[in-house]
Amino acid sequence: MKFSPLSSWLTSHGSQALLISGPCGAESREQVLQTAQGLSQLNRVDLFRAGVWKPRTRPGTFEGKGEEALKWLQEVKTQFGFKTTVEVATAAHVELALKYGVDVLWIGARSTANPFSVQEIADALKGKDVPVMVKNPVQADLQLWIGAIERVYNAGITKLAAIHRGFHFYGKSQYRNEPVWQIPIELRTLFPELSLFCDPSHICGNKEGIPSVAQKALDLGMDGLMIESHYQPENALSDKEQQFTPQALGEVLAHLVQREQLHRGDKRVDRLIELRKIIDQIDEDILNSVQRRNRIIEQIGLYKKEHNISIFQLERWQEILRTRAGWAEHLGLSLQHVEKLCQLLHEESIRLQNALMNK
Ligand code: PEP
Ligand code: MN
């Protein structure tokens with residue numbers, strides 16, 4: 001595939017990452033125009049987003065205003081000079097969006113997950129000259145993401161971008177959608193010419209996490225950010241927890257550091273920052289392992305309770321110390337340090353089992 005970089009076509013802010021912002025959904029003329037008005041004052045937004053057809057997990061919630069809202073987006077273009085983008089999920093959406101002069105279309109995570117939907121959209125795009133952004137599918141499946149990009153590309157669309165918005169994870173997590181950074185990194189490695197954006201709003205599901213996820217995306221060299229904003233987030237009809245007011249978005253942006261791609265031999269390489277990033281990733285991996293370990297411990301606790309076995313088993317503890325000391329030696333780690341780590345893990349194991357047994 002041979003792509004035309006979407007970011008350079010759209011951005012009007014030099015080497016800064018492309019910025020897409022606007023409400024999760026277009027709710028009313030007033031909301032759309034007030035939000036656009038706030039964003040125009042930031043002088044930083046390249047593309048105004050608003051969902052006109054909202055794919056909702058459960059029925060009976062706000063599903064978008066449809067065609068009526070496309071007229072509000074036309075006003076955004078004429079009043080504030082923004083280019084606009086909406087999510088399309090069917091051939092009819094594509095026709096309507098183009099009829100009302102939407103500049104860029106995007107395919108949402110739920111649609112990307114369904115090849116029939118993507119193909120329908122791709123067929124409707126044949127012969128049209130409109131840039132398209134493809135969000136990753138809800139599940140962590142790189143091939144499915146690539147497949148959707150291919151279907152759109154095969155319809156003749158070369159102004160294409162991928163949007164990383166995280167992946168569904170069944171279980172407790174600090175994220176609404178797990179970022180699984182290795183997937184966008186792999187996509188970038190396979191298709192270096194394809195514009196790659198990040199949507200920290202849908203990764204985090206709350207405002208608090210967005211700055212660091214956005215910074216990480218920039219640190220990884222992503223070309224743009226899609227961040228939801230609403231002039232009155234507290235009244236939003238969808239995704240209210242994760243939307244910034246335009247002003248608050250301005251503050252977040254002011255703290256983001258735009259990094260440049262480093263080339264071999266570049267004198268500006270800040271070695272410490274690079275190494276600390278690796279440490280951050282390793283620590284995150286360690287904590288994920290601790291969480292997995294605790295899950296198993298809970299199963300052990302339940303089993304012991306059912307079979308009336310005492311929590312502390314001296315032989316097992318001695319075996320742990322012996323085997324881990326062996327591994328430590330083999331890995332060239334400090335024996336003392338590994339023993340301390342084992343003790344910490346063991347303490348927590350006993351605490352968890354105790355809590356379970358005496359519930
Ligand atoms: C959205 O951008 O508001 C949206 C519905 O996103 P996603 O498809 O990533 O869930
Ligand atoms: Mn949303």
Side-chain angles (χ1 to χ4, degrees), residues 18-27 31-32 35 39 45 47-59 61-66 69-70 73 84-90 93-94 97 102 104-115 117-118 121 132-142 144-145 148-149 152 161-169 173 175-180 183-184 187 196-207 209-210 213-214 217 222 224-246 249:
L18 182 92
L19 186 66
I20 306 163
S21 192
C24 178
E27 301 167 355
Q31 172 246 14
V32 167
T35 306
L39 290 176
V45 175
L47 188 58
F48 184 86
R49 65 149 281 158
V52 161
W53 301 280
K54 297 302 301 171
R56 305 309 300 278
T57 304
R58 304 285 297 271
T61 45
F62 174 67
E63 294 188 324
K65 293 283 191 178
L70 292 170
L73 286 173
T84 57
T85 183
V86 301
E87 172 175 352
V88 291
T90 65
H93 292 169
V94 173
V102 172
V104 178
L105 307 179
W106 94 76
I107 300 180
R110 290 159 195 79
S111 301
T112 306
N114 179 356
S117 296
V118 177
I121 297 166
V132 176
M133 308 187 286
V134 181
K135 287 204 176 191
N136 65 251
V138 280
Q139 65 274 51
D141 183 342
L142 176 61
L144 196 55
W145 195 3
I149 292 163
V152 177
I163 304 180
H164 168 231
R165 51 75 82 195
F167 304 90
H168 179 72
F169 170 76
S173 166
Y175 300 107
R176 176 175 175 193
N177 290 291
E178 284 295 309
V180 201
I183 292 183
L187 184 72
L196 177 59
F197 306 153
C198 181
D199 169 354
S201 303
H202 290 86
I203 289 177
C204 295
N206 60 56
K207 289 187 271 290
I210 292 175
V213 169
M222 293 202 190
L225 298 170
M226 177 189 258
I227 305 181
E228 286 183 342
S229 54
H230 189 299
Y231 86 122
Q232 287 174 344
E234 66 283 6
N235 296 329
L237 299 179
S238 60
D239 289 351
K240 71 154 114 189
E241 303 301 327
Q242 68 193 34
Q243 301 196 64
F244 289 114
T245 59
L249 176 65

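One-based numbering, in listed order, for ligands and for the atoms of each.
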Do [X] and [Y] have side chains that approach each other closer than 4.5 Å (heavy atoms only, starting at C-beta)?
X      : Y      : answer
Leu18  : Ile20  : yes
Leu196 : Pro184 : yes
Arg110 : Thr57  : yes
His164 : Ile183 : no

Just jot down the ligand 1 atoms closer than 4.0 angstrom to any heavy atom of [X], in number order.
X      : value
Cys24  : 3 (O)
Gly108 : 8 (O)
Glu228 : 1 (C), 3 (O)
Trp106 : 2 (O)
Arg165 : 7 (P), 9 (O), 10 (O)
His202 : 1 (C), 2 (O), 3 (O), 4 (C), 6 (O)
Glu87  : 5 (C)
Lys54  : 1 (C), 3 (O), 5 (C)

Q. So how many protein N, O or S atoms does the Mn ion (ligand 2) have within less than 2.8 Å?
A. 4
Rounded to the nearest 0.5 Å, what's the gap from [atom1] on [X] to [atom2] on [Y]? Could you check?
X      : Y      : atom1 : atom2 : result
Met226 : Ile203 : CE    : CD1   : 12.0 Å
Asn136 : Cys198 : CG    : SG    : 9.5 Å
Leu19  : Ser21  : CG    : OG    : 6.0 Å
Lys135 : Asn177 : NZ    : CG    : 9.5 Å

Q) Are Gln242 and Cys204 close enough, and set up right, to give a side-chain contact (heavy atoms from CB on, under 4.5 Å), and what steps lead you there? A) CA-CA 7 Å; Gln242 68 193 34; Cys204 295; over 6 Å; no
**Q.** Met226 touching ligand 1 at heavy-atom level, < 4.0 angstrom
**A.** no
Q: Could you tell me the residue and atom name of the protein heavy atom closest to atom 6 (O) of ligand 1, and the distance to it rounded to 0.1 Å?
A: Lys135 NZ, 2.9 Å
Q | Protein contact to atom 8 (O) of ligand 1 [nearest heavy atom, distance to 0.1 Å] | A | Ala109 N, 2.8 Å
Q. Is the closest N or O pair between Asp239 and ligand 1 shorter than 3.5 Å?
A. no
Q.
Is there a polar contact, in the sense of an N or O pair closer than 3.5 Å, between Asp199 and ligand 1?
A. no
**Q.** Under 3.5 Å side-chain donor-acceptor pair for Glu87 and His93
**A.** no
Q. Between Asp239 and His202, do the side chains contain an N or O donor and an N or O acceptor separated by less than 3.5 Å?
A. yes
Q. Got more than 12 heavy atoms from elsewhere within 6.0 Å of NZ, Lys65?
A. no
